[in-house]
Amino acid sequence: MLAGCGQRQQQQSAPALAFESAEELPEKLGADGVTIKVGDPNAKVTVHLYEDPRCPACQEFETLGGGPSLRQAMLDRQAKAEYTFASFLDDRGGSGSKNAVNALRAALEEGKFVEYHEVLYANAPEESIDGYSTDYLLELADEVEGLRTARFVKAVTSMKYRAFVTASEKAYERAGGTQDPKGPGTPTAVINDKRIPAEYGALLFDSGTFAELLKRIYNQPWEWEETTL
């Protein structure tokens with residue numbers, strides 16, 4: 001409709017340019033003190049992930065499954081990610097999960113969470129080995145330019161963010177609700193406040209299917225809101 005006399009035509013702002021690389025993605029600690037948020041805060045799709053660094057299924061998601069598709073959606077400003085990290089696998093022996101969660105929090109302080117998170121899962125040791133030692137975490141930090149500062153090294157070796165690790169595990173457990181008081185399992189994805197149930201969990205490990213789901217939710221958010229899972 002043409003604007004009448006004295007009316008000002010509304011101009012639509014051009015869409016924001018995509019981020020050129022993962023290093024450009026905004027990252028910050030959420031107001032709750034445990035959720036790590038990545039991506040354009042105005043993105044229409046929010047994917048909240050629950051992960052344990054020692055979890056082999058989480059590694060599969062991040063390296064071969066939906067993880068790469070999610071990163072691309074974040075680069076395109078269509079989605080943003082939120083991470084809650086569990087460390088329950090250490091209950092079976094070891095301290096690798098706690099060590100890694102502490103190191104991820106230290107990386108966030110350096111503005112290098114996204115890159116380090118990707119490096120950790122790309123080089124994850126076998127769950128049974130409990131390989132996320134302090135030395136190994138520092139070795140992996142060398143793969144992220146500018147991460148291995150004196151402050152980062154001290155935070156990793158001293159477990160500076162021990163309280164964060166504990167609080168993050170408790171947040172994971174709360175996410176399970178009364179049905180799963182020990183936590184929803186890892187990896188778990190909650191997209192725009194809808195949790196992907198276990199019976200549909202296979203879609204998390206199919207990169208193409210997950211990418212299509214994110215695109216569909218982005219283009220037709222009302223359809224997702226009405227979907228019963």
Side-chain angles (χ1 to χ4, degrees), residues 18-28 30 34-41 43-89 96-97 100-101 103-105 107-108 111-127 131-132 137 140-141 143-144 147 168 172 175 183-198 200-218 224:
F19 296 106
E20 292 187 0
S21 66
E23 290 81 3
E24 293 184 0
L25 290 170
E27 55 185 48
K28 69 175 185 178
V34 293
T35 304
I36 295 177
K37 299 186 175 187
V38 176
D40 183 344
K44 290 165 58 176
V45 181
T46 302
V47 181
H48 194 125
L49 292 165
Y50 295 87
E51 299 181 332
D52 186 312
R54 286 178 66 182
C55 167
C58 295
Q59 181 192 26
E60 182 180 354
F61 169 80
E62 288 292 350
T63 58
L64 301 173
S69 298
L70 174 57
R71 282 192 286 280
Q72 186 59 55
M74 287 194 287
L75 291 173
D76 293 338
R77 296 182 185 265
Q78 294 182 358
K80 56 184 179 289
E82 299 178 346
Y83 297 89
T84 298
F85 290 104
S87 49
F88 65 89
L89 288 174
S97 291
V101 174
L104 285 165
R105 176 65 182 86
L108 177 66
K112 301 288 185 180
F113 167 82
V114 172
E115 302 98 296
Y116 193 54
H117 177 257
E118 186 172 348
V119 166
L120 254 60
Y121 276 113
N123 297 276
E126 294 289 334
E127 176 190 345
Y132 280 130
L137 289 165
L140 293 180
E143 298 188 24
V144 179
L147 175 57
S168 188
Y172 163 75
T186 57
T188 288
V190 178
I191 307 179
N192 284 7
D193 299 321
K194 285 187 184 292
R195 176 173 158 186
I196 305 296
Y200 295 108
L203 69 84
L204 297 179
F205 304 102
D206 186 314
S207 181
T209 301
F210 195 73
E212 183 59 34
L213 176 64
L214 295 180
K215 184 179 296 185
R216 188 165 183 173
I217 296 172
Y218 176 80
W224 182 249

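Bear in mind that the values here come from a model prediction, so they are computed numbers and not experimental data.
With rounding to the nearest 0.5 Å, the separation of CG in Asp52 from CG in Leu89 is 4.0 Å. With rounding to the nearest 0.5 Å, the separation of CG in Leu70 from CG in Leu213 is 11.0 Å. The line from OG of Ser87 to OH of Tyr132 is 13.5 Å long, rounded to the nearest 0.5 Å. Annotation: the span from Ile196 atom CD1 to Thr188 atom OG1 amounts to 10.0 Å, rounded to 0.5 Å. In this structure, the separation between CG on Leu214 and CG on Asn192 is 9.5 Å, given to the nearest 0.5 Å. If you take CG on Leu49 and SG on Cys58, they are separated by 8.5 Å, rounding to the nearest 0.5 Å.
Of all heavy-atom pairs spanning Val34 and Ser168, the tightest one is CG1-N, 3.8 Å. Phe210 and Ile191 make their closest contact through CE1-CD1, 4.2 Å (heavy atoms, listed as atom of the first residue, atom of the second, distance). Nearest heavy-atom pair across Tyr116 and Ala107 is CD2-CB, 3.7 Å. The heavy-atom pair separating Phe113 from Leu104 by the smallest distance is CD1-O, 3.7 Å. Residue Pro53 comes nearest to Ala86 through the heavy atom pair CD-O, 3.4 Å, listed as atom of the first residue, atom of the second, then distance.
No side-chain heavy atom of Thr46 sits under 4.5 Å from any side-chain heavy atom of Val190.
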**Request:** Decide ring pair (Phe, Tyr, Trp, His ring centres under 6.0 Å) for Tyr172 and Phe88; before the verdict, give the C-alpha distance in whole Å, the side-chain angles of both, and the deciding distance to 0.1 Å.
**Result:** CA-CA 9 Å; Tyr172 163 75; Phe88 65 89; 5.4 Å; yes
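Using modelled atom types, one side-chain atom of Glu24 and one backbone atom of Glu20 make a donor-acceptor pair closer than 3.5 Å. Not a single donor-acceptor pair under 3.5 Å links the side chain of Gln78 to the backbone N or O of Ala43. In this structure a side-chain-to-backbone donor-acceptor pair under 3.5 Å is present from Arg54 to Glu127.
Remark: Leu75 engages Phe19, Leu25, Gln72 in a side chain to side chain contact (heavy atoms under 4.5 Å, CB included) (not counting sequence neighbours).
Annotation: Tyr83 is not in aromatic contact with Tyr50 [ring centroid separation under 6.0 Å not met].
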Side chains of residues 60-68: which donor-acceptor partners sit under 3.5 Å, not counting sequence neighbours?
unit_1	atom_1	unit_2	atom_2	d
Glu62	OE1	Arg71	NH1	3.2
Thr63	OG1	Gln59	O	2.7

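Between the side chains of Glu51 and His117, a donor-acceptor pair is found at a separation under 3.5 Å.
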